[in-house]
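Everything on this sheet refers to the single structure shown next.
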Amino acid sequence: MALLKVHLLLLLGVSVNSVVSLQKRIIGGHDCDDKERLYHVRLENNDGQRRFHCGASLIHPEWILTAAHCWKSETGWYNIAISKVHPRTAKQQNQVIRQPPVIYSSGQFHDIMLLRLRRPVTDVPPVQLPNCNNRLKV
């Protein structure tokens with residue numbers, strides 16, 4: 001009986017927490033200006049019945065950076081990169097990703113992935129990456 005109570009509490013906690021957490025992910029945020037964050041990319045995985053979304057960043061005209069868990073490689077799934085998602089008034093561009101991703105791991109799963117686009121995105125500036133000459137101090 002005690003085990004049943006624990007399972008019920010866990011189920012209730014997870015279901016309530018996941019609904020509440022959706023409301024609390026951004027604290028003190030504000031809308032972006034129409035000239036900011038143009039490098040945002042939406043990665044969509046679709047099998048015709050189910051659809052999942054992830055965020056990504058355009059880091060080069062042909063490359064986007066996202067989380068490795070966002071890739072669906074099973075038969076029937078399509079991975080689509082949608083650029084120009086910001087501002088909302090922009091005409092979005094869709095590209096189906098056909099090349100396998102470059103997933104970075106060194107014995108551990110780091111959840112970092114690069115995806116190469118079929119066509120370069122030439123009318124959106126990529127995100128400004130940090131200068132590697134200015135190393136962070138440990």
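Residue Trp71 comes nearest to Pro100 through the heavy atom pair CZ2-CA, 4.3 Å, listed as atom of the first residue, atom of the second, then distance. Residues Ala67 and Met113 come closest through the heavy atom pair O-CE, 3.2 Å. Closest of all the heavy-atom pairs between Thr66 and Ala56 is CB-CB, 3.7 Å. Residues Leu58 and Val41 approach most closely at N-CG2, 3.9 Å, considering heavy atoms.
When the side chains of ILVMFWY residues are joined at heavy-atom separations under 4.5 Å, either directly or via intervening members, Val102 and Ile97 end up in a single hydrophobic cluster. Tracing side-chain contacts under 4.5 Å through hydrophobic residues (I, L, V, M, F, W, Y), one never reaches Leu65 starting from Ile82; they form parts of separate clusters. Residues Val124 and Ile59 fall within the same hydrophobic cluster, defined by Ile, Leu, Val, Met, Phe, Trp and Tyr side chains chained together at heavy-atom separations under 4.5 Å. Leu115 and Tyr78 fall into different hydrophobic clusters, defined by Ile, Leu, Val, Met, Phe, Trp and Tyr side-chain heavy atoms under 4.5 Å apart, directly or through other members. Side-chain heavy atoms closer than 4.5 Å link hydrophobic residues (I, L, V, M, F, W, Y) into clusters, and following such links, even through other members, never connects Leu43 to Ile80.
Within the 4.5 Å cutoff, the side chain of Arg42 has no heavy atoms near those of the His40 side chain. Side chains of Tyr39 and Ser57 form a contact here, defined as non-hydrogen atoms less than 4.5 Å apart. Between Pro120 and Glu62 there is a side-chain heavy-atom pair separated by less than 4.5 Å. Using a 4.5 Å heavy-atom cutoff, the side chains of Glu44 and Phe52 are not in contact. Inter-residue side-chain proximity for Gln95 and Val121 is flagged as met; some heavy-atom pair is nearer than 4.5 Å.
The backbone N or O of Glu36 lies less than 3.5 Å from a partner atom in the side chain of His86, making a donor-acceptor pair. Formation of a donor-acceptor pair under 3.5 Å by the Asn45 side chain with backbone atoms of Asn79 is not found in this model. Not one N or O on the side chain of Gln99 forms a donor-acceptor pair closer than 3.5 Å with the backbone of Leu117. In this structure a side-chain-to-backbone donor-acceptor pair under 3.5 Å is missing from Gln92 to Val85.
Rounded to the nearest 0.5 Å, atoms CZ (Arg37) and SG (Cys32) are 5.5 Å apart.
Few gaps surround CG on Asn131; more than 12 heavy atoms of other groups in view lie less than 6.0 Å from it. No more than 12 heavy-atom neighbours from other residues, nucleotides or ligands sit within 6.0 angstrom of CD on Gln128.
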Stepwise side-chain contact (heavy atoms from CB on, under 4.5 Å) check, Lys84 with Lys91: CA-CA 7 Å; Lys84 295 186 172 183; Lys91 174 121 173 69; 5.6 Å; no
Check the pair Ile64, Arg116 against side-chain contact (heavy atoms from CB on, under 4.5 Å), reporting the backbone distance first and the verdict last. CA-CA 7 Å; Ile64 60 172; Arg116 187 170 194 170; over 6 Å; no
So Lys72 and Asn46, side-chain contact (heavy atoms from CB on, under 4.5 Å) or not? Walk me through it. CA-CA 9 Å; Lys72 296 285 188 193; Asn46 189 333; over 6 Å; no
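Residues passing the disulfide bond (SG atoms under 2.5 Å apart) test with Cys54 are Cys70, sequence neighbours excluded. With sequence neighbours left out, the salt bridge (Lys or Arg N to Asp or Glu O under 4.0 Å) criterion links Arg50 to Asp47. Partners of Asn94 by side-chain hydrogen bond (donor to acceptor under 3.5 Å, both in side chains), not counting sequence neighbours: none found.
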